[in-house]
There are 2 protein chains.
Amino acid sequence: MGRASDELKAETVILRASQAIQEVIRKDVANYGLNPTEYSVLELLYHMGDQPIQMIGKKVLISSSSITYVVDKLEQKKYVRRQGCPEDRRVIYAVLTGEGKALMDEIIPQHAIKIEEVFNDLNADEVNQTIELLKRVGCKAINN
Amino acid sequence: MGRASDELKAETVILRASQAIQEVIRKDVANYGLNPTEYSVLELLYHMGDQPIQMIGKKVLISSSSITYVVDKLEQKKYVRRQGCPEDRRVIYAVLTGEGKALMDEIIPQHAIKIEEVFNDLNADEVNQTIELLKRVGCKAINN
DNA sequence: TAGTAAAATCTCAAATCCGAGATAACTTAA
DNA sequence: TTAAGTTATCTCGGATTTGAGATTTTACTA
């Protein structure tokens, strides 16, 4: 088995594993009336603070038109509001509302339990290895 | 940083890395008029042989209605045809056509080069580690 | 054997996503 | 300062995905 073949295999395994995790997330956050993208955006705002719309797209890796759509939905649900930036009037921040923060305060501990189950078979070292390896792969992939 | 927190981090890193790879795949296979799902299905049939429709869904991890849609598209493009199973008349196989096989003969080597770039910073051992770790995570995730 | 449960595929409507292009605001260079 | 180029956001149309439910076939059980 040559090098290139191993990498095609790695590609497949990453995609399958991530899709399986996506599915776990989908089912979990559906209990709170969210889809995975909405959860990702709320999670970003919760942990990283208010973000310009386009920064959300870069972090969550979705297209600009999708961000508009998702932020619309989250705004309808009152979890997020738009706030113009005075210094640069092109920029609009997505801001977590009190309701949004309260929701995430509730979701995240429950969600952590679900994710813990998924990584159950890995010890702490292996979890960290996974993080380090995939960080490097992810960075490389983003630069095409 | 506690255990649960590391796992939430691992979750995020896996999802980001896989989405970045998805994007690389999207751009690459777009050159051949395919989307990532269509490529995944063709890749499955190419490497694993003809498959019942529902088996494709399990392997590629998409819903039953999506498989119908994707196989329709691939059938329109003449890369795949449906073939009923005589033993169990509920089952329909997706079969790679000569054109489909020829296309994959062409795509896969090119595609391997693109993927190789993504894993450029990892040595052979690290690629294998990634595969092993994610296999275990993926299996666990599939069983909810 | 008859009747019920389960499995495989498909249909349909609604939700979500992307690409291309429009608009407004900022930046840079002549 | 002006003109051209860049950036951030949004709009719109079309493609893809999902969930719920219908249909057909098989498996199981009384």
Checklist line | Spacing of A/Asp88 atom CG relative to C/dT23 atom P, expressed in whole Å | finding: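 These atoms are roughly 20 Å apart.
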Check: Taking atom C1' of D/dT7 as reference, at what distance in whole Å does atom CD of A/Glu87 sit?
Finding: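 Roughly 16 Å, once rounded to whole Å.
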For [X] and [Y], does a side-chain donor sit closer than 3.5 Å to a side-chain acceptor?
| X | Y | value |
| --- | --- | --- |
| A/His111 | B/Glu11 | yes |
| B/Ser63 | B/Ser66 | yes |
| A/Asp105 | A/Tyr46 | yes |

Item checked: Sequence-aligned protein contact record of nucleotides 9-21 of chain C, with B where the base is within under 4.0 Å of a protein heavy atom and S where only the sugar-phosphate is -> SBBB--SBSBB--
Checklist line | Qualifying residue, where the test is side chain to side chain contact (heavy atoms under 4.5 Å, CB included) with B/Tyr39 and the options are B/Ile108, B/Leu44, B/Leu103, B/Val60 | finding: B/Ile108
Margin query: Please check if the number of heavy atoms outside B/Tyr93 that lie under 6.0 Å from its OH is greater than 12.
Written below: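 No, the 6.0 Å shell around OH holds no more than 12 heavy atoms from other groups.
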